[in-house]
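Start at 1 and go down the list; that is how both ligands and their atoms are numbered.
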Amino acid sequence: MSKIKVQQIAVVGAGIAGATCARALTLAGHSVHVFDKSRGPGGRLATRRVEWVDRLGQSHMTRLDHGAVGITARSAPFMAFVDEALRAGGLAEWVPSLAAGSVPAEDGDRFYVPLPDMPSLCRRQLVGAAATWSFAVDGLHKGALGWHAQAGSKVHPEPFDAVVLALPPAQAAALLCPHRRDWARHASIAPMQPCWTLMGIADTTREALEPALDWDLARPPTGPLEWVLRNDARPGRASVSGQAHWVVHARPGWSRRHLEQPAAWVQQQMHAALVDTLGRPVDWHHCAVHRWRYALPQAQKIAAAESFWWDADQGLGVCGDFLGGSGSSGVEGAWLSAQSLSAAMLQSASGAGRASTLSAAHETALRTVRHRAA
Ligand SMILES: Cc1cc2nc3c(=O)[nH]c(=O)nc-3n(C[C@H](O)[C@H](O)[C@H](O)COP(=O)(O)OP(=O)(O)OC[C@H]3O[C@@H](n4cnc5c(N)ncnc54)[C@H](O)[C@@H]3O)c2cc1C
């Protein structure tokens with residue numbers, strides 16, 4: 001009977017999927033080490049710290065949530081997680097006032113927003129796990145002692161009994177290729193939508209004579225922009241007199257068509273579209289764009305399929321929003337996928353506690369678990 005000891009587990013990717021998986025495995029007594037290419041956790045639950053100088057030469061710092069707009073909850077387990085985070089003060093409810101003529105959201109316009117910033121939801125879940133930041137894993141090698149993670153010329157010295165990949169599919173595919181070509185192929189064609197995002201701080205002092213905007217979220221029915229939001233109107237975000245903090249997301253189709261355009265061109269186009277939406281000029285203190293190559297799974301193309309992948313023989317697992325869970329996508333899908341993967345890993349452990357083992361023969365069904373979404 002082949003057995004894999006699961007004591008040390010590497011989780012590659014510290015977005016909501018990786019952080020959720022790390023949390024469940026840490027709570028079960030395993031030793032978890034998280035790797036991320038960024039300087040901290042969050043992934044697409046992202047908040048950017050912007051430093052800028054006003055016309056009088058004064059320095060300012062503003063935080064803008066330029067990734068996920070908000071969290072929605074449909075499934076009972078995720079609702080329970082959201083409720084707990086609300087009670088603990090880690091999430092706040094955001095019911096934005098919608099601009100006239102906006103396209104209403106499928107689930108209604110009620111979101112949950114992590115406090116004080118978007119990555120905090122992941123940061124909290126990583127308590128108890130070791131982490132190495134700025135480590136872009138580009139190779140996973142299986143040696144006599146277990147898995148090793150490599151980033152460029154650096155090989156992390158600790159061997160791991162199991163590895164979890166919690167990455168967007170294209171990035172997971174590259175790492176999976178030498179170990180599970182079938183998964184790699186599947187991940188490499190998983191459809192993801194791109195998103196160009198504009199974020200900026202506008203000076204509103206000259207707008208004093210204009211009628212005040214009475215909304216903080218717009219979803220224009222046509223044109224390049226899908227979401228236009230006032231970041232400073234979101235719960236727990238700083239609001240400064242004389243400033244409007246805008247985050248603007250382009251539609252997936254528009255973003256795809258202009259994916260390779262220079263940032264300056266994209267900024268100009270999105271600025272013009274924002275002016276159209278607001279019906280007034282925008283006077284920037286600071287403005288920038290960010291390209292999300294893999295923003296969201298293409299919802300309509302996610303058939304009821306696997307919500308995670310787990311190969312107990314190799315000690316290799318995959319989770320993330322592209323696998324989703326119970327037909328959900330986005331943050332909820334990533335969370336559900338990670339919960340299912342960690343449950344399968346723990347379920348296939350023979351014997352509870354720290355020095356647990358995975359028994360592949362004992363858990364035949366979990367050798368390569370392919371759970372159909374309910
Ligand atoms: C603009 C935008 C708007 C969105 N709006 C919403 C919304 O309103 N509601 C919603 O539910 N969802 C929304 N989403 C989607 C949501 O953010 C994601 O579905 C979810 O955060 C994905 O979590 P994840 O953990 O699967 O992946 P990610 O958050 O992408 O985490 C993956 C992590 O892996 C790291 N990584 C990647 N490659 C490597 C590597 N080689 N080595 C080490 N680390 C690596 C990344 O740095 C990242 O931290 C939005 C996304 C974007 C971009």
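Centroid-to-centroid, the aromatic rings of H33 and H156 come within less than 6.0 Å.
Under 4.0 angstrom from ligand 1, the non-hydrogen atoms of F135 all belong to its backbone. The parts of K37 lying near ligand 1 are both backbone and side chain, judged by heavy-atom distances below 4.0 Å. Counting heavy atoms under 4.0 Å from ligand 1, residue V12 touches it through the side chain alone. The backbone and the side chain of A68 each have at least one atom closer than 4.0 Å to an atom of ligand 1 (non-hydrogen atoms only). Counting heavy atoms closer than 4.0 Å to ligand 1, residue A166 contributes backbone atoms (N, CA, C, O) but none from C-beta onward.
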Legend entry - Verdict with reasoning, H271 to W284, per side chain to side chain donor-acceptor pair (under 3.5 Å): CA-CA 10 Å; H271 166 88; W284 294 118; 2.9 Å; yes
Inset, instruction - May I have the step-by-step check of side-chain contact (heavy atoms from CB on, under 4.5 Å) for V318 and L341, ending in yes or no? - result: CA-CA 7 Å; V318 182; L341 172 61; 5.9 Å; no
Inset, instruction - Evaluate the salt bridge (Lys or Arg N to Asp or Glu O under 4.0 Å) criterion for residues R44 and D321: first the C-alpha distance (whole Å), next the side-chain angles of each, then the deciding distance (0.1 Å), finally the verdict. - result: CA-CA 11 Å; R44 281 168 274 162; D321 63 345; 2.7 Å; yes
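Other residues, nucleotides and ligands place more than 12 heavy atoms under 6.0 Å from the CD atom of E93. For CZ of R181, the number of neighbouring non-hydrogen atoms (other residues, nucleotides, ligands) closer than 6.0 Å is 12 at most.
Considering backbone and side-chain N/O atoms, S38 comes within less than 3.5 Å of an N/O atom of ligand 1. Polar contact with ligand 1: present for V331 (N/O pair, distance under 3.5 Å). At under 3.5 Å, not a single nitrogen or oxygen of G18, backbone or side chain, sits near a nitrogen or oxygen of ligand 1.
Taking the centre and axis of the six-membered ring of W94, the NZ or CZ atom of R110 falls outside the cone set by 45° and 6.0 Å.
Of the candidates L121, V11, D36, it is D36 that places a heavy atom closest to atom 46 (C) of ligand 1. Taking all heavy atoms of T20, L140, D321 into account, the minimum distance to atom 26 (O) of ligand 1 is reached by D321. Nearest to atom 7 (C) of ligand 1 by heavy atom, out of G324, G70, A14, G40, is G70.
Ligand 1 lies less than 4.0 angstrom from a heavy atom belonging to I16. Close to ligand 1: L167, with a non-hydrogen atom less than 4.0 angstrom away.
For the atom pair L225 CG and R219 CZ, the distance stands at 13.0 Å (nearest 0.5 Å).
Under the 4.5 Å side-chain criterion, counting only non-hydrogen atoms from C-beta, T47 is in contact with P119.
Listed by number with element, the atoms of ligand 1 under 4.0 Å from a non-hydrogen atom of A334 are 23 (O), 26 (O). Atoms of ligand 1 lying under 4.0 Å from at least one heavy atom of G320, given by number and element, are 26 (O).
Nearest non-hydrogen protein atom to atom 51 (C) of ligand 1 is A295 O, 3.3 Å.
Among H245, H286, H285, the one residue that satisfies the ring pair (Phe, Tyr, Trp, His ring centres under 6.0 Å) test with W52 is H285.
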